[in-house]
Amino acid sequence: METIFTKIANGQIPSTKLYEDEKCFVIMDINPVKKGHSLVIAREPYPNMASCPDDVLTHMLLVAKKVEAKQREVLGNQGSNIIINNDPASGQEVPHIHIHVIPRFVNDGRKHFQDHDKYSDGEMQALGMKLSLN
Ligand code: 5GP
């Protein structure tokens, strides 16, 4: 399956690449939430988290950690958003798993998850019993 990111990986579409290895590669996002916003992308086009092998997913997170540290060093950001949009219902536009690493600064004017649900009495605890992994 071909995606924008496989085309970037094989050089059909140009990108600013920050890192690559056998499991993933890192590019700068063309439409950054904040400048420096980067994407850690699986080399294989697994569409979502469930289809991504555990070793690839854990490796990508460790690479995201390094990207984040480099951003702090170079950009001086005090925080970051590390995000996977997982399937189209979440807003995922490119069906090829990637981790967003977004540098964040105190009072930088960006906000995620502006809207929130509210639980009725007891609803959170009841749902928690269904969602429990133990
Ligand atoms: P998603 O919504 O799938 O989680 O995020 C896809 C991201 O890929 C978006 O932030 C978007 O700006 C970025 N993107 C889409 N097309 C390109 C491209 O051709 N080059 C680069 N560098 N980023 C892209």
Side-chain angles (χ1 to χ4, degrees):
M1 157 113 173
E2 205 172 55
T3 69
I4 289 175
F5 294 156
T6 60
K7 289 182 184 168
I8 286 175
N10 67 27
Q12 281 174 268
I13 296 176
S15 69
T16 299
K17 201 175 274 180
L18 304 181
Y19 175 79
E20 62 183 322
D21 62 30
E22 74 285 355
K23 287 181 176 157
C24 70
F25 59 101
V26 180
I27 62 169
M28 295 183 75
D29 195 303
I30 204 168
N31 187 27
V33 172
K34 293 298 292 179
K35 290 176 185 173
H37 178 172
S38 298
L39 304 170
V40 180
I41 304 169
R43 195 158 283 286
E44 296 296 321
Y46 309 112
N48 57 19
M49 196 162 75
S51 61
C52 184
D54 289 354
D55 65 313
V56 176
L57 193 59
T58 52
H59 178 73
M60 287 171 65
L61 188 57
L62 293 176
V63 171
K65 184 179 179 182
K66 289 184 182 166
V67 171
E68 202 266 356
K70 184 77 175 187
Q71 286 178 350
R72 285 192 192 234
E73 185 187 316
V74 173
L75 303 173
N77 50 303
Q78 303 86 11
S80 57
N81 293 111
I82 313 297
I83 296 172
I84 296 176
N85 293 321
N86 195 34
D87 282 323
S90 71
Q92 184 186 10
E93 288 173 2
V94 181
H96 180 155
I97 190 164
H98 51 283
I99 302 176
H100 292 259
V101 184
I102 305 170
R104 295 298 305 274
F105 301 81
V106 174
N107 297 325
D108 66 10
R110 302 295 187 277
K111 204 167 178 223
H112 278 279
F113 307 124
Q114 290 178 343
D115 301 318
H116 295 259
D117 280 344
K118 263 201 168 40
Y119 288 116
S120 57
D121 277 355
E123 189 182 3
M124 185 174 75
Q125 292 77 2
L127 186 57
M129 285 173 72
K130 290 186 191 169
L131 293 174
S132 174
L133 301 176
N134 285 324

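Atom set for the values below is all heavy atoms of this structure, side chains included, hydrogens, waters and symmetry mates excluded. Counting starts at 1 for both ligands and their atoms, following the listed order.
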Just to confirm my output: which protein heavy-atom neighbour is closest to [atom], and how far is it?
{"atom": "atom 15 (C) of ligand 1", "result": "V94 CG2, 4.4 Å"}
{"atom": "atom 14 (N) of ligand 1", "result": "I30 CG2, 4.1 Å"}
{"atom": "atom 19 (O) of ligand 1", "result": "I4 CG2, 3.7 Å"}
{"atom": "atom 9 (C) of ligand 1", "result": "D29 OD2, 3.3 Å"}
{"atom": "atom 6 (C) of ligand 1", "result": "H98 NE2, 3.5 Å"}
{"atom": "atom 2 (O) of ligand 1", "result": "E93 N, 3.1 Å"}

Looking only at distances, can you tell me whether any N or O atom of G91, backbone or side chain, sits closer than 3.5 Å to an N or O atom of ligand 1?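 By distance alone, the answer is yes.
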Under 3.5 Å: N/O of H37 near N/O of ligand 1: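 Such a contact does not occur with ligand 1.
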Taking a cutoff of less than 4.0 Å between a non-hydrogen atom of the residue and any ligand atom, is H100 in contact with ligand 1?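 So H100 counts as touching ligand 1.
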Answer side chain, backbone, both or neither: which part of M28 comes under 4.0 Å from ligand 1, heavy atoms only.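 Within the 4.0 Å criterion, M28 contacts ligand 1 through backbone atoms alone.
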Is I84 touching ligand 1 with its side chain, its backbone, both, or neither, if touching means heavy atoms under 4.0 Å apart?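 Within the 4.0 Å criterion, I84 makes no contact with ligand 1.
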Using a strict cut-off of 4.0 Å, indicate which atoms of ligand 1 neighbour a heavy atom of [X].
{"X": "N85", "result": "1 (P), 2 (O), 4 (O)"}
{"X": "Q92", "result": "2 (O), 3 (O)"}
{"X": "N31", "result": "12 (O)"}

Reported [atom1]-to-[atom2] distance for the pair [X] and [Y], which is rounded to 0.5 angstrom:
{"X": "I99", "Y": "M60", "atom1": "CD1", "atom2": "CE", "answer": "4.5 Å"}
{"X": "E68", "Y": "L61", "atom1": "CD", "atom2": "CG", "answer": "11.0 Å"}
{"X": "I8", "Y": "T3", "atom1": "CD1", "atom2": "OG1", "answer": "8.0 Å"}

Does a side-chain heavy-atom distance below 4.5 Å link L57 with Y46?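 No; the side chains remain at least 4.5 Å from each other.
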For S51 and N48, indicate whether the former's side chain and the latter's backbone hold a donor-acceptor pair under 3.5 Å.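 Flag set: sc S51 to bb N48 pair under 3.5 Å.
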Judged by atom type as modelled, is there a donor-acceptor pair below 3.5 Å linking the side chain of D29 to the main-chain atoms of S38?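 The answer is no, because no donor-acceptor pair under 3.5 Å joins these two groups.
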Options I102, T3, I13, I8, ranked by nearest heavy atom to atom 18 (C) of ligand 1, top entry: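 Among I102, T3, I13, I8, the closest heavy atom to atom 18 (C) of ligand 1 belongs to I8.
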Less than 6.0 angstrom separating the ring centers of H96 and H98, yes or no?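 No; H98 has its ring centre 6.0 Å or more from that of H96.
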May I have the list of side-chain donor-acceptor pairs in residues 16-26 shorter than 3.5 Å, sequence neighbours left out?
residue, atom, partner, partner atom, Å
Y19, OH, D21, OD2, 2.8
E20, OE1, R43, NH2, 3.1
D21, OD1, K23, N, 2.8
D21, OD1, C24, N, 2.9
D21, OD1, H59, NE2, 3.4
D21, OD2, H59, NE2, 2.6
K23, NZ, D55, OD2, 3.4

So, S90 and D87: side-chain donor and acceptor under 3.5 Å apart, yes or no?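 No, no side-chain donor-acceptor contact under 3.5 Å.
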So L75 and K35, side chain to side chain contact (heavy atoms under 4.5 Å, CB included) or not? Walk me through it. CA-CA 9 Å; L75 303 173; K35 290 176 185 173; over 6 Å; no
